[in-house]
Amino acid sequence: QVQLLQSGGGTVQAGGSLTLSCAAEDRKFSTYVMGWFRQAPGKEREFVAAIWWSGGGILYADSVKGRFTISRDNAKKIMWLQMNSLNREDTAVYYCAAGLLPRDARKIDEYAFWGQGTQVTISS
């Protein structure tokens with residue numbers, strides 16, 4: 001069982017930036033593919049970004065490409081999501097997730113462990 005503890009989030013004005021963190025309490029952190037997902041009110045949870053074991057492989061949803069940056073530090077067992085140029089469509093609860101061997105890192109079912117979620121609200 002992998003515990004993922006999220007921090008960060010909050011309310012920021014449109015055009016602003018936020019950074020989310022996801023800390024893992026598992027010595028095997030480096031063996032997991034890590035991902036970020038988000039769920040807006042009334043919508044399904046959607047893929048945001050994923051990063052492979054050594055950080056050499058990274059995938060972004062088209063909606064955040066060029067604005068968000070995913071990164072990880074395996075020694076510290078932490079993953080981050082740096083979010084810039086935020087707009088109201090980015091308002092959602094953000095979740096971090098860990099998966100061992102996802103066939104498709106964009107799919108929710110490929111991840112076995114999830115963080116508690118953190119609210120991100122973009123105000124105009």
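Quick caveat: nothing in here was measured; it's all calculated off a predicted structure.
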Name all pairs fulfilling the disulfide (SG to SG under 2.5 Å) condition that reach into [range], sequence neighbours left out, sorted by first residue then second.
range           : result
residues 48-109 : Cys22-Cys96
residues 24-57  : none
residues 29-88  : none

Quick one: salt bridge (Lys or Arg N to Asp or Glu O under 4.0 Å) partners of Arg27, sequence neighbours excluded? none

Hits for salt bridge (Lys or Arg N to Asp or Glu O under 4.0 Å) against Arg67, two or more places apart or cross-chain, chain-then-number order -> Asp90

Would you say the side chain of [Y] lies within less than 4.5 Å of the side chain of [X], judging by non-hydrogen atoms?
X      : Y      : answer
Arg88  : Ser124 : yes
Ile70  : Met79  : yes
Val12  : Ile122 : yes
Gln119 : Thr91  : yes

What's the separation between atom CZ in Phe113 and atom CG in Asp26, rounded to the nearest 0.5 Å?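 Rounded to the nearest 0.5 Å, the CZ-CG separation comes to 7.5 Å.
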
From Thr118 atom OG1 to Leu81 atom CG, the distance as rounded to the nearest 0.5 Å: 11.0 Å

Which residue pairs pass the ring-ring contact (aromatic ring centres under 6.0 Å, His included) test with at least one member in residues 34-64, sequence neighbours excluded?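 Passing the test, one end in residues 34-64: Phe37-Phe47, Phe37-Tyr111, Phe37-Trp114.
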
For the backbone of [Y] and the side chain of [X], can you confirm whether one donor and one acceptor N or O come within less than 3.5 Å of each other?
X      : Y      : result
Arg106 : Leu59  : no
Gln6   : Gly117 : yes
Thr69  : Gln82  : no

Those residues at least two apart in sequence (or on a different chain) that pass ring-ring contact (aromatic ring centres under 6.0 Å, His included) with Phe68 are none

Report the residues that fulfil side chain to side chain donor-acceptor pair (under 3.5 Å) with Ser17, sequence neighbours left out, ordered by chain and then residue number. Asn84

Answer yes or no: does atom CG of Asp104 have more than 12 heavy-atom neighbours from other residues, nucleotides or ligands under 6.0 Å?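 Yes, because the 6.0 Å sphere around CG of Asp104 holds more than 12 heavy atoms from other groups.
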
Residues two or more places apart in sequence or in another chain: which of them pass side chain to side chain contact (heavy atoms under 4.5 Å, CB included) with Asp62? Lys65

Can you name the residues that form a side chain to side chain contact (heavy atoms under 4.5 Å, CB included) with Leu5, not counting sequence neighbours?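 By the side chain to side chain contact (heavy atoms under 4.5 Å, CB included) rule, Leu5 matches Glu25.
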
Give me the atom names and distance for the closest heavy-atom approach of Ser30 to Arg72. CA-NH2, 3.8 Å

What are the two closest non-hydrogen atoms of Met83 and Leu20, and how far apart are they?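 Scanning both residues completely, I find the closest heavy atoms to be CE-CG, 3.8 Å.
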
Kindly state each residue pair satisfying salt bridge (Lys or Arg N to Asp or Glu O under 4.0 Å) with at least one member in residues 46-58, sequence neighbours excluded.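 Those involving residues 46-58 are Arg38-Glu46.
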
Given a cutoff of under 4.5 Å between side-chain heavy atoms of I, L, V, M, F, W and Y, with clusters grown through shared members, what are the other residues clustered with Trp80?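 Besides Trp80, the hydrophobic cluster comprises Ile78, listed by chain and residue number.
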
